[in-house]
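The structure under discussion appears below in the form of structure tokens.
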Amino acid sequence: DIIKVIFGHWAFYGIHELFPNRDVRYVLFLRDPVSRTISHYNWDRGRYFNLDDITKKKVFPEGKGDFSFSSWFKNRSKNIDEHNPIDKNNFIFRFLSSKAIDYTLDSGLSWDLKLSLLKEVMDKMYFVGISENKLDVLFVYKLLGLRNFVGNMNVSTRYLKREEIRIIKKRIKVFYPIDYELYDYALFLNRKFKNKSKNFYHGLFLIWVRFYVSDLFERHWRRGFYH
């Protein structure tokens, strides 16, 4: 009874079997695949000068002379296995496969069968949230009865302008067909849950106000602390 929540990148589907006498609920959040890729670029660029020389070359092969998104993305894409491009390029698909499919079976399954299995796992989630929807995040706070907010973590500096992002989103979306199939299925499950749950929005406005005030305070505190 001491354990209330297990979360993070290393929370695997199947851990409910370790708690046979508990009512275990899974919550999954997915992010728009292209937005996730842009965030990954921002993270790599922000940490560049703290990397060793070998890793720097892997992230930005042209060095600090070319920090462009196109250079970064081209370098990442060239490492894709031409015999299995879907597995390599679709990060969300690969990540969820490693967390939700038995590793003894994973390597021998085709990507379409893995996709089918992942959708079956997603069907078993209590709630599937969308990272871009702030109310989905606040719903988890309500679900757990949390009154204190966790500050924004792992927020990278944004290096791209809005127009650049708009062009990038149109150009690279085609690289993530399976990730978007999973994302679209997540959107479907998200809408389905909200339509069935009459109390989803109940109390969320008050939580949002508290979150907004807390976030505002944190931002001003950080500015004051660093300046």
Side-chain angles (χ1 to χ4, degrees), residues 1-47 50 91-92 95-96 98-100 121-159 165 182-183 185-227:
D1 290 341
I2 296 177
I3 298 176
K4 301 296 182 183
V5 180
I6 298 175
F7 66 97
H9 291 164
W10 296 103
F12 294 82
Y13 178 76
I15 56 176
H16 61 278
E17 297 176 1
L18 300 175
F19 307 93
N21 300 318
R22 301 278 293 276
D23 178 22
V24 178
R25 292 178 175 180
Y26 288 92
V27 173
L28 171 68
F29 271 80
L30 289 191
R31 187 176 187 177
D32 176 85
V34 172
S35 295
R36 192 214 66 80
T37 301
I38 293 173
S39 177
H40 195 161
Y41 160 78
N42 288 333
W43 181 65
D44 275 346
R45 182 166 172 179
R47 69 190 181 115
N50 294 322
F91 178 88
I92 296 173
F95 182 83
L96 288 183
S98 70
K99 301 296 180 286
V121 171
M122 291 170 70
D123 286 334
K124 297 174 183 177
M125 299 287 130
Y126 175 75
F127 176 64
V128 176
I130 305 301
S131 296
E132 290 80 15
N133 294 344
K134 181 64 71 178
L135 289 182
D136 286 3
V137 178
L138 297 182
F139 173 72
V140 176
Y141 276 88
K142 184 177 83 167
L143 194 65
L144 297 175
L146 300 177
R147 297 190 60 83
N148 295 321
F149 298 104
V150 177
N152 292 322
M153 309 289 286
N154 298 327
V155 179
S156 302
T157 301
R158 298 178 181 180
Y159 294 97
I165 293 174
L182 286 171
Y183 183 71
Y185 195 63
L187 289 170
F188 163 74
L189 293 175
N190 184 269
R191 289 192 297 267
K192 181 180 177 181
F193 181 90
K194 291 174 180 175
N195 289 335
K196 288 178 62 177
S197 177
K198 296 180 181 179
N199 297 321
F200 178 84
Y201 294 101
H202 182 70
L204 283 188
F205 178 73
L206 181 59
I207 296 175
W208 180 84
V209 171
R210 288 176 46 234
F211 177 85
Y212 178 79
V213 172
S214 174
D215 184 56
L216 202 62
F217 175 80
E218 182 188 354
R219 290 185 186 184
H220 281 288
W221 180 83
R222 285 179 181 274
R223 283 202 193 101
F225 183 79
Y226 288 112
H227 295 288

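Everything quoted here is computed from the prediction, not taken from an experiment.
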May I ask you to decide if the ring planes of [X] and [Y] are parallel, tilted or perpendicular, using 30° and 60° as cut-offs?
X: Trp43; Y: His40; result: tilted
X: Phe91; Y: Phe95; result: parallel
X: Tyr141; Y: Phe149; result: tilted
X: His16; Y: Tyr13; result: tilted

Taking all atoms of both residues into account, what is the closest heavy-atom pair of [X] and [Y], and its distance?
X: Arg25; Y: Leu143; value: NH1-CD1, 4.2 Å
X: Ser39; Y: Ser156; value: O-OG, 4.4 Å
X: Lys4; Y: Arg22; value: CA-NH2, 4.4 Å
X: Leu30; Y: Glu132; value: O-OE1, 4.2 Å

Is there a side-chain contact between [X] and [Y], using heavy atoms and a 4.5 Å cut-off?
X: Phe211; Y: Leu204; value: no
X: Ile15; Y: Tyr26; value: yes
X: Leu189; Y: Phe193; value: no

Quick check against the 3.5 Å criterion: does [X] have a side-chain atom that pairs as donor or acceptor with the backbone of [Y]?
X: Arg210; Y: Arg147; answer: yes
X: Lys142; Y: Phe200; answer: yes
X: Asn133; Y: Leu135; answer: no

query: How many angstroms lie between atom CG of Asn190 and atom CD1 of Ile130, to the nearest 0.5 angstrom?
result: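 Answer rounded to 0.5 Å: 5.0 Å.
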Lys/Arg-Asp/Glu bridge criterion (N-O < 4.0 Å) met for Asp136, Lys194: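 Yes.
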message: Set out, in order, the CA-CA distance, both residues' side-chain angles and the distance that settles side chain to side chain contact (heavy atoms under 4.5 Å, CB included) for Leu182 and Met122, then state yes or no.
response: CA-CA 9 Å; Leu182 286 171; Met122 291 170 70; 3.9 Å; yes
task: Any chance you could lay out the side chain to side chain contact (heavy atoms under 4.5 Å, CB included) test for Phe188 and Val128, step after step, and finish with the verdict?
output: CA-CA 9 Å; Phe188 163 74; Val128 176; over 6 Å; no
message: Please evaluate residues Ser131 and Arg36 with respect to the criterion side chain to side chain contact (heavy atoms under 4.5 Å, CB included), reporting the C-alpha separation (whole Å), side-chain torsions for both, the decisive distance (0.1 Å), and the verdict.
response: CA-CA 10 Å; Ser131 296; Arg36 192 214 66 80; over 6 Å; no
- prompt: Going through the distances and angles, do Phe29 and Val140 end up as a side chain to side chain contact (heavy atoms under 4.5 Å, CB included)?
  reply: CA-CA 11 Å; Phe29 271 80; Val140 176; 3.6 Å; yes
